[in-house]
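Just below is one structure, and these are the notes that go with it.
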Amino acid sequence: MSHTNYMQARPALEHYALLDREREEGPLLINDAMPWEFTMVTRYDEVRAALQSTGFSCEVTNAMNVPRQIDIIPNMLDGEEHIKVRKVINPFFSPAAVKRMEPFALERVTALLDELQPAGSCDLVADFAIRYPTEIFLEQMGLPLTDADFFLPWVETVFGGLIGTEKEAAAAASAKIEEYFDATVEDRRAHPKDPELDLVSRLIEARIDEEPIPHQDILTICKTVMLAGLDTTRSALGYIYRHLALNPQHRQRIVDEPTVIPKAVEECLRMYPLVFQVGRLAAKDVDINGHRLDQGTITWLGIGSANRDPRKFEDPESYNPDRPGVNQHLAFGLGPHRCLGMHLARLELVLVLREWHKRIPEYRLREGVELMERGGQLSLTTLPLEWEMA
């Protein structure tokens with residue numbers, strides 16, 4: 001049994017310590033901390049098998065949030081329905097499409113660093129880590145960068161609701177996001193852009209089974225892409241920079257040997273996965289490596305505990321970008337629902353680490369600050385950094 005409520009805010013990294021401890025108690029645990037019980041799958045081999053299994057449904061997408069607070073497309077779809085929607089939007093997140101985004105992403109990193117570097121300090125979470133992916137998202141959607149001022153508070157409020165607090169405010173923020181995209185879609189209907197380059201125009205033009213995508217589904221897809229991309233990149237940057245600020249030898253290697261950055265990103269994603277679980281519903285009786293889950297079981301697939309499983313990764317709590325199979329983590333999931341934006345996320349993180357460490361090779365955490373992390377989907381609430389001005 002597990003009695004741990006993983007929705008609660010805790011001191012930084014405490015969630016990972018709890019996940020590590022519970023993984024060693026068994027490959028499957030029953031958690032009773034929520035109004036409903038769910039089965040936690042905790043170890044790498046079992047989580048990997050479950051992610052690839054066709055025996056689960058995405059009727060549940062978060063074991064800690066049943067029923068779902070907001071619709072998310074295509075995440076909540078199963079089978080052919082999911083595949084058909086992914087085929088429409090996959091080209092906008094392919095390696096080739098991400099490569100086309102690189103010049104803009106580099107320009108935005110440079111502009112943000114031009115602004116922050118002379119100050120000698122920043123809250124990485126608020127001043128950089130959320131602003132950067134928001135601007136990338138807006139460019140990708142063909143929207144004005146100035147609209148970031150609207151999105152940032154809306155996103156924060158929505159995620160506050162998803163982790164179990166202020167649900168009414170979250171619903172209102174979600175409605176505001178849909179109103180924004182409703183106006184955007186109507187504008188694209190009146191003034192279409194190239195559907196090969198503009199995602200909204202592509203969604204309007206696309207046909208699934210010879211039928212247009214319903215208007216509400218288009219709004220939901222836009223909202224899903226925004227929420228998924230903004231919060232995860234912000235959160236990843238927070239944990240990466242906390243690690244590097246506290247481990248100057250690891251930071252120095254990035255400065256001296258920039259070619260290690262892609263592997264460093266993979267190792268940090270393994271050590272500090274933000275989406276530490278995805279939910280599923282057993283659509284039938286399922287066998288996972290000899291463990292039976294009955295039909296109807298609400299299931300937690302423990303990405304966070306799997307990524308730190310010593311059965312898969314030797315000395316998993318140690319940072320080692322040179323470890324064999326450094327990219328075999330499950331931070332982006334696996335199987336048909338593997339993260340749509342993983343190529344873009346990797347590009348964003350690699351660019352930030354490369355350009356930041358050219359400009360600001362040495363930095364430190366501000367003294368006396370206790371770092372806290374949000375529960376549900378992990379994110380540091382603040383990360384105050386300081387550096388010497390040139």
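Quick note: numbers below take in every heavy atom, side chains included, and nothing from hydrogens, waters or symmetry partners.
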Open item on the list: If I compare all heavy atoms of Gly376 with all of Met64, which pair ends up nearest, and what's the gap?
Closed with: O-CE, 3.7 Å

Task: Spatial distance of atom CD1 (Ile73) from atom OG1 (Thr220) [nearest 0.5 Å] - done: 4.5 Å

TODO: Under the salt bridge (charged side-chain N to carboxylate O under 4.0 Å, His left out) rule, what do Glu115 and Arg131 come out as? Steps first, then yes or no, please.
DONE: CA-CA 12 Å; Glu115 178 183 336; Arg131 293 173 61 193; 3.1 Å; yes

Open item on the list: Check Arg189 with Asp187, please: is the shortest side-chain N to carboxylate O separation under 4.0 Å?
Closed with: no

Open item on the list: I want to check something: taking the side chain as every heavy atom from C-beta on, are Ser53 and Val286 in contact at a cut-off of under 4.5 Å?
Closed with: yes

TODO: Applying salt bridge (charged side-chain N to carboxylate O under 4.0 Å, His left out), run through Glu102 and Lys99 and close with a yes or a no.
DONE: CA-CA 5 Å; Glu102 185 169 356; Lys99 188 70 175 176; 3.2 Å; yes

TODO: Taking the side chain as every heavy atom from C-beta outward, state whether Thr42 and Val47 have any atom pair closer than 4.5 Å.
DONE: no

- [ ] Identify the two heavy atoms, one from Ala63 and one from Trp300, that lie closest to each other, and give their separation to 0.1 Å.
- [x] CB-CB, 3.8 Å

TODO: Considering non-hydrogen atoms only, spot the tightest contact between Leu145 and Glu135 and give its length.
DONE: CD2-O, 3.5 Å

Open item on the list: Quick check: closest heavy atoms across Glu205 and Pro195, and the distance to 0.1 Å?
Closed with: OE2-CG, 3.4 Å

- [ ] Report the C-alpha separation of His357 and Tyr363 in whole Å, then their side-chain angles, then the decisive distance to 0.1 Å, and conclude whether the ring-ring contact (aromatic ring centres under 6.0 Å, His included) test is met.
- [x] CA-CA 10 Å; His357 289 91; Tyr363 48 92; 5.6 Å; yes

Open item on the list: Do Gln252 and Glu362 pair up side chain to side chain, a donor and an acceptor below 3.5 Å, judged on atom types alone?
Closed with: no

TODO: Could you tell me whether Asp20 and Arg23 make a salt bridge, using a distance below 4.0 angstrom between a side-chain N and a carboxylate O?
DONE: yes

Open item on the list: Please verify the inter-ring angle class for Tyr319 with His243; under 30° counts as parallel, over 60° as perpendicular, anything in between as tilted.
Closed with: tilted

TODO: Please confirm whether the backbone N or O of Leu378 pairs with a side-chain atom of Ser235, one donor and one acceptor, at under 3.5 Å?
DONE: yes

Open item on the list: For the backbone of Pro361 and the side chain of Arg251, can you confirm whether one donor and one acceptor N or O come within less than 3.5 Å of each other?
Closed with: yes

Open item on the list: I'd like to know if Glu355 pairs up with Lys358 as an ion pair, taking the criterion as any Lys NZ or Arg NE/NH1/NH2 lying under 4.0 Å from an Asp or Glu carboxylate oxygen.
Closed with: yes

Task: Residues Asp322, Arg253: salt bridge by 4.0 Å N-O rule - done: yes

- [ ] Drop me the distance from Met141's CE to Phe137's CZ, to the nearest 0.5 angstrom.
- [x] 4.5 Å

TODO: Please answer whether the main-chain N or O of Asp294 pairs with a side-chain N or O of Thr297 as donor and acceptor at a distance below 3.5 Å.
DONE: yes

- [ ] Tell me yes or no: between the side chains of Gln277 and Asn62, is some donor less than 3.5 Å from an acceptor?
- [x] yes

Task: Arg188 side chain to Lys193 backbone, donor-acceptor under 3.5 Å - done: no

Open item on the list: Under 3.5 Å, is there a donor on one side chain and an acceptor on the other for Arg10 and Gln8?
Closed with: yes

Open item on the list: Using side-chain hydrogen bond (donor to acceptor under 3.5 Å, both in side chains), reason through Glu266 and Gln328 one step at a time and then give a plain yes or no.
Closed with: CA-CA 9 Å; Glu266 298 298 329; Gln328 292 178 14; over 6 Å; no

Task: Smallest separation among heavy atoms of Asp194 and Glu196, with atom names - done: OD1-N, 2.9 Å

Task: Ion pair check, Arg323 and Glu314, cut-off under 4.0 Å - done: no

Task: Short N-O contact, Asp231 and Arg234, less than 4.0 angstrom - done: yes

- [ ] Rounded to the nearest 0.5 Å, what's the gap from CD1 on Ile303 to CG on Leu269? Could you check?
- [x] 11.5 Å

- [ ] Step through it carefully: locate the ring centre of Trp356, locate the ring centre of Tyr132, and say whether they are under 6.0 Å apart.
- [x] no

- [ ] Let me see the working for Tyr44 and Phe313 under ring-ring contact (aromatic ring centres under 6.0 Å, His included), right down to the final yes or no.
- [x] CA-CA 9 Å; Tyr44 183 91; Phe313 300 103; 5.7 Å; yes

TODO: List the atom of Ala33, the atom of His3, and the distance in Å for their closest heavy-atom pair.
DONE: CB-O, 3.6 Å

TODO: Fit a plane to each ring of His329 and Phe332, take the angle between them on a 0 to 90° scale, and name the class: parallel (under 30°), tilted (30 to 60°) or perpendicular (over 60°).
DONE: tilted

Task: Donor-acceptor contact below 3.5 Å, side chain Ser94 vs main chain Phe92 - done: no

Open item on the list: Working to the nearest 0.5 angstrom, can you tell me the gap between Gln140 CD and Leu197 CG?
Closed with: 11.5 Å

TODO: Check whether any side-chain heavy atom of Leu244 lies under 4.5 Å from a side-chain heavy atom of Tyr239, and answer yes or no.
DONE: no

TODO: Would you confirm whether Arg48, through its side chain, and Leu330, through its main-chain N or O, come within 3.5 Å as a donor-acceptor pair?
DONE: no

Task: Thr110 side chain near Arg359 side chain, heavy-atom distance below 4.5 Å - done: yes

Task: Donor-acceptor pair between Ser379 and Glu373 side chains, under 3.5 angstrom - done: no

TODO: Using only heavy-atom distances, determine whether the side chains of Ser121 and Glu386 contain a donor-acceptor pair under 3.5 Å.
DONE: no

Task: Residues Asp45 and Arg311 bridged, charged N to O under 4.0 Å - done: no

TODO: Measure the shortest side-chain to side-chain distance between Arg43 and Ser305 over non-hydrogen atoms and say whether it is less than 4.5 angstrom.
DONE: no

Open item on the list: For a 4.5 angstrom cut-off between non-hydrogen side-chain atoms, does Lys284 reach Leu293?
Closed with: no

Task: Pairwise distance CG(Asn90) to NZ(Lys87) - rounded to 0.5 angstrom - done: 9.5 Å

Task: Any side-chain donor near an acceptor of the partner, His337 and Asn75, under 3.5 Å - done: no

TODO: Please examine the side chains of Leu385 and Asp123, heavy atoms only from C-beta on, and report whether any two atoms are closer than 4.5 Å.
DONE: no

TODO: Kindly compute the distance separating CG (Leu203) from CD1 (Ile89), expressed to the nearest 0.5 Å.
DONE: 7.0 Å

Task: Ile204 vs Ile213 side-chain heavy atoms within contact, under 4.5 Å - done: no

TODO: Could you tell me whether a side-chain N or O of Arg374 sits under 3.5 Å from a main-chain N or O of Gln377, the two making a donor and an acceptor?
DONE: yes

TODO: Determine the interplanar angle of the Phe276 and Tyr6 rings, folded into 0 to 90°, and report it as parallel if under 30°, tilted if 30 to 60°, perpendicular if over 60°.
DONE: tilted

Open item on the list: If only side-chain N and O atoms count, and only distance matters, is there a donor-acceptor pair under 3.5 Å linking Asp78 with Ser57?
Closed with: yes

